[in-house]
Amino acid sequence: MAPVRGAKKRKRPEKPVPAPAPRLPLPPLPDGSDWWGAFYRRVAGHSSFPREYQTIESVLKMSRKTFDYICLLVKKDLTTKTYGFRNFRFGDKTILDVEDQVAVALMRLTTGESLQNIGIWFGMNHSAISNITWRFIESMEERATCHLKWPSPEEMATIKARFEKIYGLPNCCGAIDTTHILMCSSAQPNSRVWLDNENKNSMVLQAVVDTDMRFRDIVSGWPGSLDDSCILRTSGLYRLCEKGIRLDGQMELPGGSAVREYIVGDSSYPLLPWLMTPYQGQGLPAAKVEFNKRHTAATKVVQTALATLKGRWRVIQGELWRPDKHRLPRIIFVCCLITNIIIDMEGTPSKEMLVSGDHDHGYKQQFSNVADDNAVKQRDDLSHHVTAGE
């Protein structure tokens with residue numbers, strides 16, 4: 001039936017419009033009179049720059065005091081020769097001061113963003129970002145190595161006292177573990193060399209840390225196809241300890257037995273007089289169970305340190321964009337260096353700053369059945385000691 005002219009159209013009921021979600025207020029812009037405030041206002045002019053990076057702590061993962069100290073370390077190297085970096089946003093050459101260059105390099109390391117993305121933030125091409133980052137890394141390698149060193153006798157005495165107080169392990173000098181840094185296979189001419197047991201291309205980092213999660217010895221550069229025991233035996237740490245140059249101090253336990261200085265590591269390592277690993281197997285006696293409990297708690301120090309390292313420096317957290325097997329160990333080294341500087345300047349990391357969980361997600365636990373006879377006796381002496389002390 002044809003519609004009647006002049007008839008009123010029936011109105012469709014209006015759908016209720018949902019109320020807009022409340023927008024959380026953004027923090028106020030930093031004060032432009034301060035260096036970071038001026039720096040943020042310059043780079044935040046581009047819409048892609050993350051607004052949550054309004055404080056230096058939010059992006060660089062360190063205090064302003066620590067940042068200023070790092071700038072002081074590298075100032076001579078970054079100002080010896082003046083570089084003009086082409087700013088494609090304004091079509092001119094921009095002279096960056098030391099703070100600007102350090103901020104650019106640290107943002108590359110902490111965010112893990114590609115050179116192109118960071119270049120867009122700063123209005124510079126990716127080659128300029130790469131140039132600044134590598135000048136910074138080279139300078140840190142030369143100027144900051146004093147922050148990553150084996151403990152002095154006085155420092156070692158403090159470390160041993162803390163391990164015994166916290167974990168009940170006398171004469172313990174540190175904890176050791178490894179983690180895999182993933183690599184892009186397409187960038188490797190001999191990628192099969194770097195293919196690990198989990199069918200991933202990776203590089204291994206071996207680290208020894210103290211109770212403050214300060215890195216005391218690191219080894220990197222070896223392909224992920226090598227197991228933990230092999231990495232250990234190729235390291236300078238192994239040679240020095242086997243020669244008695246490191247971890248050679250003796251301590252007499254109340255029962256009269258002597259215990260050599262040692263570090264703790266998981267079951268992937270051989271049991272050595274200077275490297276205590278946990279007991280393996282089921283149905284262990286009470287003394288061995290108690291030792292394993294304390295041993296596990298102590299090794300969590302290095303596991304947390306490695307997880308936090310990857311969490312803070314996202315450039316090594318996952319598969320690197322166009323990695324270079326010659327440059328990657330240097331990136332890892334500088335990330336460990338700066339981590340130590342932060343601890344030296346700001347103290348032991350707070351719980352809020354730590355990253356818990358698996359630092360080597362996707363990798364199976366390795367096991368070693370190698371055991372030195374003297375180490376077997378020492379571990380038994382320690383297990384009896386920790387049980388007698390209860």
- Task: Verify the cluster assignment for W134 and L78: are they in a single hydrophobic cluster under the rule of side-chain heavy atoms below 4.5 Å apart?
- Result: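 Yes.
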
Would [X] and [Y] count as having a side-chain donor-acceptor pair, cut-off 3.5 Å?
X    : Y    : answer
S127 : N125 : yes
Q101 : R135 : yes
T66  : S63  : yes

Check: [Y] main-chain N/O paired with [X] side-chain donor or acceptor under 3.5 Å:
X    : Y    : result
D372 : L271 : no
N292 : Y279 : yes
Q206 : I218 : no
S235 : L232 : yes
T79  : K75  : yes
R216 : L148 : no
K65  : M345 : yes

- Query: What residues join I245 in its hydrophobic cluster, counting side-chain heavy atom gaps under 4.5 Å, either direct or through other members?
  - Reply: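 L240, listed by chain and number.
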
- Item | Other cluster members, V219 - Ile/Leu/Val/Met/Phe/Trp/Tyr, side-chain contacts below 4.5 Å |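 Besides V219, the hydrophobic cluster comprises V204, W222, L226, I231, listed by chain and residue number.
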
[X]/[Y] ion pair, N-O < 4.0 Å:
X    : Y    : answer
R294 : E290 : yes
D217 : R246 : yes
D373 : K377 : no
E155 : K149 : yes
D212 : R162 : yes
E261 : K160 : yes

- Message: Enumerate the side chain to side chain donor-acceptor pair (under 3.5 Å) contacts for residues 262-273, please, sequence neighbours excluded, ordered by first and then second residue.
- Response: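 Passing the test, one end in residues 262-273: D228-S268, D266-S268.
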
- Query: Got a sec, which pairs hit side chain to side chain donor-acceptor pair (under 3.5 Å) with one end in residues 295-310, sequence neighbours left out?
  - Reply: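 Applying side chain to side chain donor-acceptor pair (under 3.5 Å) to every pair that reaches into residues 295-310, excluding sequence neighbours, yields T179-K310.
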
- Message: Could you work out, with ring pair (Phe, Tyr, Trp, His ring centres under 6.0 Å) as the rule, every residue matching F333, not counting sequence neighbours?
- Response: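 F333 satisfies ring pair (Phe, Tyr, Trp, His ring centres under 6.0 Å) with no other residue.
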
- With F367 via ring pair (Phe, Tyr, Trp, His ring centres under 6.0 Å) - residues at least two apart: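 Partners of F367 under the ring pair (Phe, Tyr, Trp, His ring centres under 6.0 Å) test: none.
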
- Locate the shortest heavy-atom distance separating R260 from C241; write the atom from each residue and the value.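 Smallest interatomic distance, heavy atoms only, reads NH2-O, 2.7 Å.
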
- What is the minimum heavy-atom distance between G249 and N171, and which atoms define it?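 Residues G249 and N171, closest heavy atoms: O-ND2, 3.5 Å.
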
Non-neighbouring partners of [X] that pass salt bridge (Lys or Arg N to Asp or Glu O under 4.0 Å), sequence neighbours left out:
X    : result
D380 : none
R379 : none
E141 : R330
K293 : none

- Message: What verdict does the side chain to side chain contact (heavy atoms under 4.5 Å, CB included) test give for F215 and L337, after you've listed the backbone C-alpha separation in whole Å, the side-chain angles of each residue and the deciding distance to 0.1 Å?
- Response: CA-CA 8 Å; F215 292 94; L337 262 182; over 6 Å; no

- Minimum side-chain heavy-atom gap L169-L382 below 4.5 Å: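 With C-beta onward as the side chain, the pair stays apart.
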
- Item | Within-4.5 Å side-chain heavy-atom neighbours: L205 and L306 |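 Heavy-atom side-chain distance check passes, below 4.5 Å.
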
- Message: Please evaluate residues D344 and R214 with respect to the criterion salt bridge (charged side-chain N to carboxylate O under 4.0 Å, His left out), reporting the C-alpha separation (whole Å), side-chain torsions for both, the decisive distance (0.1 Å), and the verdict.
- Response: CA-CA 9 Å; D344 292 341; R214 185 183 288 104; 2.9 Å; yes

- Test side chain to side chain contact (heavy atoms under 4.5 Å, CB included) on V104 and V102 and set out the steps. CA-CA 5 Å; V104 167; V102 172; over 6 Å; no

- Query: Can you name the residues that form a side chain to side chain contact (heavy atoms under 4.5 Å, CB included) with D196, not counting sequence neighbours?
  - Reply: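 Per chain and number, D196 pairs via side chain to side chain contact (heavy atoms under 4.5 Å, CB included) with H180, E198, K200, S202, Y363.
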
- Sort and list the pairs that fulfil ring pair (Phe, Tyr, Trp, His ring centres under 6.0 Å) and have at least one residue in residues 235-254, not counting sequence neighbours.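 Applying ring pair (Phe, Tyr, Trp, His ring centres under 6.0 Å) to every pair that reaches into residues 235-254, excluding sequence neighbours, yields Y238-W274.
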
